[in-house]
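Quick notes on the structure that follows.
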Amino acid sequence: MGTTTTLFVIFLLFNIITFCLYWWDKRAARDGHWRVSEARLLQFAFLGGSLGAVAAQRLLRHKTRKEPFRTQLMAILVLHVALVPAALIFGPSLLDMLRAG
């Protein structure tokens with residue numbers, strides 16, 4: 001498996017995990033059980049699960065009216081939308097520079 005494929009699989013799995021974390025929190029909110037903190041939900045989104053977080057927010061209708069959570073999640077998504085193309089464009093040359101020392 002190539003590097004690009006490996007990174008894509010890791011990205012996909014992390015977004016699935018993030019979606020499941022939001023689902024767990026939504027279920028806990030309904031059942032009155034232990035909740036996942038907003039900071040932890042945003043942390044998973046920031047570390048790469050922003051698409052899974054936004055998908056869960058929309059599909060599960062979870063944290064859709066909660067401010068500043070909603071704005072912070074959108075800011076994370078915008079950051080990722082900007083960083084992904086930059087990583088694809090400049091990533092290979094940065095890796096070459098790091099390998100060269």
Side-chain angles (χ1 to χ4, degrees):
M1 192 173 349
T3 305
T4 305
T5 306
T6 303
L7 290 174
F8 178 75
V9 169
I10 291 169
F11 171 77
L12 184 63
L13 288 174
F14 199 77
N15 276 281
I16 290 170
I17 291 167
T18 302
F19 184 95
C20 291
L21 193 63
Y22 276 68
W23 171 80
W24 182 3
D25 186 54
K26 173 71 173 190
R27 188 168 181 186
R30 275 193 266 149
D31 297 343
H33 293 102
W34 174 84
R35 301 280 307 273
V36 179
S37 71
E38 288 185 0
R40 182 60 43 114
L41 293 172
L42 288 171
Q43 181 182 33
F44 270 74
F46 182 76
L47 293 174
S50 60
L51 294 178
V54 171
Q57 186 183 42
R58 301 286 187 236
L59 293 172
L60 304 174
R61 295 183 181 168
H62 188 49
K63 304 272 187 199
T64 56
R65 293 180 285 172
K66 185 89 173 183
E67 286 294 348
F69 183 90
R70 190 175 73 171
T71 302
Q72 292 169 342
L73 181 56
M74 287 303 117
I76 291 169
L77 182 64
V78 168
L79 175 68
H80 287 171
V81 167
L83 286 179
V84 168
L88 292 173
I89 294 168
F90 300 112
S93 59
L94 288 175
L95 284 175
D96 291 340
M97 287 173 38
L98 290 172
R99 287 182 188 140

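Everything quoted here is computed from the prediction, not taken from an experiment. The first residue of the sequence shown is numbered 1, and numbering continues consecutively from there.
- Rounding to the nearest 0.5 Å places NE2 of H62 at 13.5 Å from CZ of R27.
- Between L41 atom CG and W24 atom CH2 the span is 11.0 Å, to the nearest 0.5 Å.
- A distance-only check finds no donor-acceptor pair linking the side chain of D25 to the backbone of L21 [under 3.5 Å].
- Side-chain contact between F11 and L7: absent, with no pair of heavy atoms (C-beta onward) separated by less than 4.5 Å.
- Separating the NZ atom in K26 from the CZ atom in R35 is a distance of 9.0 Å, to the nearest 0.5 Å.
- Residues Y22 and L42 approach most closely at OH-N, 4.3 Å, considering heavy atoms.
- Looking at every heavy atom in both residues, V36 comes nearest to W34 through CG2-CZ3, 4.1 Å.
- A distance of 11.0 Å separates SG of C20 from CG of N15, quoted to the nearest 0.5 Å.
- Taking every heavy atom of both residues into account, H80 and S50 meet most closely at ND1-OG, 2.7 Å.
- The side-chain heavy atoms of L51 and L77, taken from C-beta on, include a pair separated by under 4.5 Å.
- Following chains of ILVMFWY side-chain contacts shorter than 4.5 Å, one cannot reach I16 starting from F19, and the two form parts of different hydrophobic clusters.
- Looking at E38 and K66, their side chains come closer than 4.5 Å, going by heavy atoms from C-beta outward.
- L83 and I10 are not part of a single hydrophobic cluster, where members link through side-chain heavy atoms under 4.5 Å apart.
- Here W23 contributes atom CH2 and L60 contributes atom CG; the two are 9.5 Å apart, rounded to the nearest 0.5 Å.
- A single hydrophobic cluster is seen to contain both F44 and L47, as judged by linkage of ILVMFWY side chains at heavy-atom distances under 4.5 Å, directly or through other members.
- Proximity of a side-chain donor or acceptor of R70 to a complementary backbone N or O of R65 within less than 3.5 Å is not detected.
- Within a 6.0 Å radius of CZ in R40, other residues, nucleotides and ligands contribute 12 heavy atoms or fewer.
- Proximity of Q57 to M74: side-chain heavy atoms (C-beta onward) are separated by under 4.5 Å at one or more points.
- No path of Ile, Leu, Val, Met, Phe, Trp and Tyr side chains, each step under 4.5 Å between heavy atoms, connects V84 with L12, placing them in separate hydrophobic clusters.
- Residue I76 comes nearest to A45 through the heavy atom pair CG2-O, 3.6 Å, listed as atom of the first residue, atom of the second, then distance.
- Summarising the local packing, CZ of F69 is surrounded by more than 12 heavy atoms from other residues, nucleotides or ligands at distances under 6.0 Å.
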